[in-house]
Amino acid sequence: VPYMQDYSSDCTAVASILMLFAGKRDAVIHCGDTTVKPLTAETDLYFNRFITHPPFLNYSTKEQHSGSAGSRNFLYSGIVPPNDRWLFVRNALTRLKEDGVGVALVPISVLSRESDAYASTRKCLVWDGFIDSVIELPTGVVGSINTKWSIVVFRKDGQRKSIYMLDLSRKN
């Protein structure tokens with residue numbers, strides 16, 4: 001059963017229509033902030049797969065995030081600040097089954113050039129073996145023309161001793 005959540009009511013409406021066209025009438029689609037009230041808040045759901053495109057470029061919310069220390073909704077709670085740009089990924093990894101796979105679309109800056117406050121999350125994700133692959137995309141493929149993006153593949157089993165990296169950002 002597909003579970004989807006987006007802050008935009010337009011996006012959730014389009015997702016609902018697309019799921020109907022795909023024959024997935026049992027899809028659960030909610031409008032809301034995943035970091036404030038995740039789909040898993042009322043149930044104890046764990047997922048085989050996740051795909052996320054966190055709001056890195058226009059990150060803001062009117063509500064307080066629940067990623068505080070001790071929260072079971074967020075990986076590494078208490079180690080990193082709740083407003084860490086990796087918050088969506090930390091939330092998704094927490095709800096991923098042990099043999100699950102996740103994919104996130106992230107700007108290159110979040111992988112390497114963000115402030116030291118976010119470096120602790122990156123370090124934990126690498127050392128704990130959650131990052132499987134990083135695929136760098138050409139400039140302008142996603143959203144902003146001047147921003148480079150990467151596709152990051154996560155595996156929950158934590159068995160990684162190396163990270164596969166593919167640079168598709170070069171011409172030809």
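- With a 4.5 Å cut-off between side-chain heavy atoms of Ile, Leu, Val, Met, Phe, Trp and Tyr, the cluster of L20 takes in none.
- Under the side chain to side chain contact (heavy atoms under 4.5 Å, CB included) criterion, S162 pairs with no residue at all, not counting sequence neighbours.
- Here the NZ atom belonging to K24 is positioned 6.5 Å from the CG atom belonging to D26, to the nearest 0.5 angstrom.
- Two residues are said to be in side-chain contact when any heavy atoms from C-beta on lie closer than 4.5 Å; L105 and T52 fail this criterion.
- Rounding to the nearest 0.5 Å gives a distance of 9.0 Å between CZ of F130 and CG of L96.
- Scanning for side chain to side chain donor-acceptor pair (under 3.5 Å) contacts around K97 gives N48, with sequence neighbours left out.
- Remark: V126 engages I131, I163 in a side chain to side chain contact (heavy atoms under 4.5 Å, CB included) (not counting sequence neighbours).
- Within the hydrophobic cluster formed by Ile, Leu, Val, Met, Phe, Trp and Tyr side chains joined at under 4.5 Å, directly or through other members, M4 is accompanied by M19, I29.
- At least one test fails for R95 against the ring of F47: distance under 6.0 Å to the centre or angle within 45° of the axis.
- Listed by first then second residue, pairs satisfying salt bridge (charged side-chain N to carboxylate O under 4.0 Å, His left out) with a partner in residues 150-159 read D132-R155, D157-R160, not counting sequence neighbours.
- Not counting sequence neighbours, the partners of D10 by the side chain to side chain contact (heavy atoms under 4.5 Å, CB included) test are S8.
- Looking at heavy atoms from C-beta onward, L125 lies in side-chain contact with L93 at the 4.5 angstrom threshold.
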